[in-house]
Amino acid sequence: MQKNEVLGSLCSNTKVIHCRPEMASPEVHKKRASFGSFDTSSRSMKAPLRELNGVAVSSTNSSSLLSVSSAAAASSSAGGSFGGMPFRRFSGCYECKLVVDPLLGISKDPSLRGTICSCPECGEIFMKAENLELHQAVRHAVSELGPEDTSKNIVEIIFKSSWLKKQTPICQIDRILKVQNTPKTISKFEEYRDSIKSKATKKHPRCIADGNELLRFHCTTFACSLGLSGSTNLCNTIPKCNVCSIIKNGFKVAQETNGKGILTTATSGKAHDKAAGVEDGDYEKRAMLVCRVIAGRVKKNIMEGDNLEECDSVAGAVGVYSDLDELFVFNPNAILPCFVVIYRGF
């Protein structure tokens, strides 16, 4: 008599099953031979499940395991249910008996329920929260606003009314996208605003109230079809595509001109003229970012050698309609892109 053979599993939390050799009649051998397509050396035979989607399965009866598996596969492919549970909604690991509902995030292993995260948009499952956040930041970064969205009408009015280029007809808007900022990005923006409010004095009442928050424009170029035909993902040409790079990684002070900081403008027309990396007469595709900006303490008429530690942003050129037509901020967390206007015809 040979010793009991220990058959393990590749998953660490699968129980090891001890298989006892047994004498089989010729009829049994014939039945086993009929399952020629079933690979007895596969790892799924080494550690059969004690329970398959809530139905008990004997570890010593391979034929019953096959019948249950066949029924489950047929039910799943047909979009039906087995034992009252819709198989199409579930995914999991055969080895470790982990079964997950993509919508509810429920696992058979209670110790894993706190770590499993499912995307509310597409149902894809992630074992770590940071992986889910990265997925959302790239695959569900933007969403196009439809005619029924009041935000679309408001952004369009603000964009066109501040174009202020009378010598050129108002450009045509192709689409307006809402930026789906991640909780981490929003948290950084709010933390920066709180830091401005905490160090503000009575000399700056707006800073005490809301950090001196403003609605500003920032124009840049893009090299993809962001938001076209309802697409929500960013392109894979980052950092060549400036818009996708900003949405994913935020603004970069070092990339801006003049070394003053990140340029924001009070009007869309001024932002169009000051688009970074675009020379006069260049008709490269441009996009307008409508952003929330924490201006904080603004220093005007800056001179060479002035101490910039006493301010949070610097005013640039003064325009006809605003004394803050140009505003440079030093901290990338001070800007939160909220909308992207894709336009043409300029």
Side-chain angles (χ1 to χ4, degrees), residues 155-174 176-177 179 212-224 226 238-247 249-296 298-304 306 308 311-346:
V155 173
E156 186 173 352
I157 291 172
I158 295 174
F159 177 85
K160 289 184 175 181
S161 62
S162 64
W163 185 250
L164 304 179
K165 294 170 70 66
K166 296 181 180 180
Q167 72 278 11
T168 305
I170 295 178
C171 58
Q172 180 178 349
I173 296 177
D174 285 340
I176 298 178
L177 311 174
V179 180
N212 194 12
E213 182 175 333
L214 305 172
L215 185 67
R216 310 284 293 182
F217 295 95
H218 180 91
C219 184
T220 187
T221 60
F222 67 104
C224 65
L226 181 66
I238 297 174
K240 294 182 179 180
C241 184
N242 291 332
V243 169
C244 290
S245 180
I246 290 174
I247 294 176
N249 303 317
F251 288 86
K252 304 295 182 184
V253 177
Q255 294 178 355
E256 303 301 323
T257 58
N258 302 326
K260 295 180 180 179
I262 304 169
L263 173 64
T264 65
T265 65
T267 63
S268 59
K270 187 73 169 182
H272 173 84
D273 293 338
K274 292 289 186 177
V278 180
E279 299 179 357
D280 293 338
D282 190 352
Y283 290 93
E284 188 176 2
K285 293 192 297 183
R286 308 186 198 188
M288 190 73 64
L289 293 168
V290 183
C291 310
R292 295 169 59 187
V293 179
I294 303 299
V298 181
K299 188 173 183 61
K300 302 178 181 179
N301 303 321
I302 186 173
M303 303 294 292
E304 186 176 353
D306 286 350
L308 299 181
C311 63
D312 305 301
S313 58
V314 174
V318 177
V320 179
Y321 297 92
S322 174
D323 59 350
L324 290 179
D325 202 13
E326 295 181 5
L327 181 70
F328 296 88
V329 296
F330 307 134
N331 194 320
N333 295 330
I335 307 181
L336 183 69
C338 299
F339 302 96
V340 181
V341 181
I342 306 296
Y343 64 101
R344 57 186 171 87
F346 45 84

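In what follows, residues are counted from 1 in the order of the sequence shown. Given the structure is predicted, the values throughout are model-derived calculations rather than measurements.
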Separation between CD1 (I247) and CG (L226), nearest 0.5 Å, reads 5.0 Å
Here the pair of heavy atoms bringing K285 nearest to C224 is NZ-O, 2.9 Å
Contacts of K300 meeting side chain to side chain donor-acceptor pair (under 3.5 Å) (sequence neighbours excluded), chain-then-number -> D323
Taking every heavy atom of A287 against every heavy atom of V340, the minimum-distance pair comes out as CB-CG1, 3.9 Å
Closest heavy-atom pair, L324 versus A315, reported as atoms and distance to 0.1 Å, is CD2-CB, 3.6 Å
Heavy atoms of C311 and V314 approach each other most closely as SG-CG2, 4.3 Å
Between the CG atom in L214 and the CD1 atom in I335, the distance rounded to the nearest 0.5 Å is 11.0 Å
Query raised in the report: Tell me, do V243 and T220 make a side-chain contact under 4.5 Å, heavy atoms counted?
Result: yes
Exactly one of V290, L263, T264, V329 clears side chain to side chain contact (heavy atoms under 4.5 Å, CB included) with R216, and that residue is T264
Notebook entry, point to check: Hey, does the side chain of S245 reach the backbone of I238 with a donor-acceptor pair shorter than 3.5 angstrom?
Noted result: no
Looking only at heavy atoms, the pair that brings G296 and N212 closest together is O-ND2, 3.0 Å
Counting N and O atoms only, with roles assigned by atom type, does the side chain of S313 sit under 3.5 Å from a partner on the main chain of L327, one being a donor and the other an acceptor? no
Correct closest heavy-atom pair for D312 and A295 would be CB-O, 3.6 Å
Rounded to the nearest 0.5 Å, the CD1 atom of I342 sits from the SG atom of C171 at a distance of 11.5 Å
CZ (F328) and OG1 (T265) are apart, to the nearest 0.5 Å, by 10.0 Å
Output for pair (F251 CZ, I262 CD1), nearest 0.5 Å, gives 6.5 Å
query: So do I246 and H218 actually touch side chain to side chain, heavy atoms under 4.5 Å?
result: yes
Donor-acceptor pair, S162 side chain versus S268 backbone, under 3.5 Å?
yes
Checklist entry - Does R286 reach the main-chain N or O of C219 with its side chain, forming a donor-acceptor pair under 3.5 Å? => result no
Q: With the side chain counted from C-beta on, respond yes when F217 and V341 share a heavy-atom pair under 4.5 Å apart, and no when they do not.
A: no
Quick check on the 6.0 Å ring-centre criterion: do Y343 and F159 meet it? yes
